[in-house]
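Order of the sequence lines sets the chain letters (A, B, ...), proteins ahead of strands, with each chain counted from 1. Scope of the values below: all heavy atoms of this structure, side chains included, with no hydrogens, waters or symmetry mates.
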There are 2 protein chains.
Amino acid sequence: MKALPDDDAVPRQASSSGQGTGSSTGQEAAREPGRGGTPVDGTGRSAAPAPGHPATIYDVARRAGVGIATVSRALRGSAPVAESTRTKVLRVVEELGYRPSYLGTSLAQQRHAANGIVFPDLSGPYYAEVVLGHEEAASRLGRSVLIQSTNGRPDPDAAARDLAGRVDGLVLLGRTVGDEMVGEIVTSGLPVVLLARPAIDGADSLRVDNSTAACALGAHLSGHGFATARFLGSPHASHDVAERWAGVLQGFAGSGTRLDLTPCDLDEESGARVARAVLAGPRRPDLLVCANDEIALGAIVAAEEAGLRVGVDVAITGWDDIMAARHARPALTTVRQPMRLLGSNAAEVLDERISRTRTAPRHIVLTADLVIRSSCGSHP
Amino acid sequence: MKALPDDDAVPRQASSSGQGTGSSTGQEAAREPGRGGTPVDGTGRSAAPAPGHPATIYDVARRAGVGIATVSRALRGSAPVAESTRTKVLRVVEELGYRPSYLGTSLAQQRHAANGIVFPDLSGPYYAEVVLGHEEAASRLGRSVLIQSTNGRPDPDAAARDLAGRVDGLVLLGRTVGDEMVGEIVTSGLPVVLLARPAIDGADSLRVDNSTAACALGAHLSGHGFATARFLGSPHASHDVAERWAGVLQGFAGSGTRLDLTPCDLDEESGARVARAVLAGPRRPDLLVCANDEIALGAIVAAEEAGLRVGVDVAITGWDDIMAARHARPALTTVRQPMRLLGSNAAEVLDERISRTRTAPRHIVLTADLVIRSSCGSHP
DNA sequence: TTGAAAGCGCTACCAG
DNA sequence: CTGGTAGCGCTTTCAA
């Protein structure tokens, strides 16, 4: 370990404190004396890329003694350029530190080289993973990623339409944007991928097969022989939840377990509150099947408060397999979805559409895995 | 929308020659055979916004019988426009569903209306929160957000420079980009905010006061009277970790506890591995002070494997207060940082620089809070 | 091979 | 008030 910076500094007061770093920015002052404005003297070739502005293709062309078209060609190899010319151009580019302007290039090529992704929130690890997966894949395909959370936004639809104007393709997660707006955007011709949302005509879609996993979960749980179970979640509020509910129900079919539904929002606080009520109510269920991990985590808290041993007195399961799920005690039985993959696939699907490699919509379904841990009870 | 009076249909000819700036290029003529492109029959002015392309400001102007400058003014209110004219223009805009092209606008205004944010990864909730906070604030300030993870990227520096060319301001988290590149970007004139990274001349910076919180943590822990403690983390790899280590060291100063350091990466797997070794080694420490929650969570797993009771046989603390920290059993004693705030402040600081409301660099320091739970032992 | 010039869509300045 | 027009920086014909 190296010597520690004697930083120990006095704990500064919270929030701001604007202090200049001291050294002013006046360092640029001394320029080369002989340079100056370089009057355009016939031969004109000042090549001074303007005071503070970055060099443009014109600066390069002038200084290299060629036309801007040649510079463009030399740089992007869009057409043959004499070796000697190319070398000369590249050298000047180097000297001037020239970088093509993104705005100029984009306008000329009529493309943004960027994807947009709209999601409800980034708090949970769920969306963060999707976004990250998307960014990774998109960047590999040469596209940047513009993000937009609809979280506390007044008008998500307008925001989405706005974003649509700045990208070559759009990824829409869940119910972030209204059907109407989605339709409008798709109609405008912009490639759109719907994630975890029922497909819409003309748009690609990508989702996880909730049903099968839910069914498997139900089947597994029904093996435990619970008398009464409760599903915590609101099927009408989310397509995903609806599928989970239906699947679990199906998985329990024929078993002796009675399964009821209690609406619940997808956050921890709601989970705790609803579970509290359910566990205190009449006919306390032996099992709480939660629509996601956060609800389940809240339910675990509620169960403990009520003096119940999770996994013994009451079983609890979640959905998503977020990090906290495996660290909770008991560890949460849940379902893992390939979120990263969801995001990266979206980038690829979008790329096909943007590059017109494909025109017919694709509808991809990925599978989810059941993760059995101990919160659902003992496994003989 | 109301029924539109079938209005004149025939827009008045704008005095001048039917073709404005003259699309003197002969190429416009040959369009699709069947789709006769705007028969230029003298009166010609079909106003059909082109086949599949979106309407441009020219389409609007032509159809409204005004100049494009007027359309621009009417739309952005940059200059007075007669009420009747404005109405007419707006109606046409509505009819054509015209939306100004982002590319055109940006090039003309020489601005991207977007910020970029570069981070190491989005896996942990840490960066996700920062990014989200930034997006929220930025969007309120009328800017979009371009994200870029340096995760598995071959050349982070090049990627950052690239991103720099597409935004009006850049937020750099931690050690994602090399000092040299940061310098280059700052020198280019682009506003830059450094997050959780030592300040650099000319760039604003924003960080959390690790030292004070670490010191408080150390002081609290020293009260437990442990004989030997171990810090898990690599100070030389991260400025944040360096500060934490120094602070904790200081907090322990004078206590009878002996504190040593064992390098460790910031992920769960590393935490488990390193903790496993440390707990099995000679002179097993009574306390593991981990550089972040993930290491701590891994350490908890390792301790349990070793048959040790966390909080009794061995105390463990983390840093960040991620969700899993409070659901772990025992719950993790840790330090909470205002991550969301970090992100939103960055957006504001950047905005001041971009809008030139301020020119001198600002260096903001936020405070972190100690969160005492049970993993560090009993509290008499 | 190469240069001149026409856009790409919009803003803003300059005359009327 | 309003229209014409010169850019913004780059790509891409069209000729030479």
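Rounded to whole angstrom, the span from the CG atom of A:D59 across to the C1' atom of D:dC10 amounts to 13 Å. When rounded to the nearest whole Å, the span between NZ of A:K88 and C1' of C:dT2 equals 11 Å.
Applying the side chain to side chain contact (heavy atoms under 4.5 Å, CB included) criterion to A:T187, with sequence neighbours excluded, gives no partner residue.
A salt bridge between B:E135 and A:R153 is present, with a side-chain N of the basic residue lying under 4.0 Å from a carboxylate O of the acidic one.
Residue A:V71 is classed as having no contact, given no heavy-atom separation below 4.0 Å to the nucleic acid.
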* Scan nucleotides 9-16 of chain C nucleotide by nucleotide, 5' to 3', and note B when protein non-hydrogen atoms come under 4.0 Å of the base, S if they reach only the sugar-phosphate, - if neither. => BBBBB---
Let me check something: any side-chain donor-acceptor pairs from residues 64-73 of chain A under 3.5 Å, sequence neighbours excluded? List them with distances.
none

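Side-chain contact, A:S205 with A:R197: no donor N or O sits under 3.5 Å from an acceptor N or O.
Interatomic distance, OG1 of B:T150 versus CG of B:D155, reported as 11.0 Å (0.5 Å rounding).
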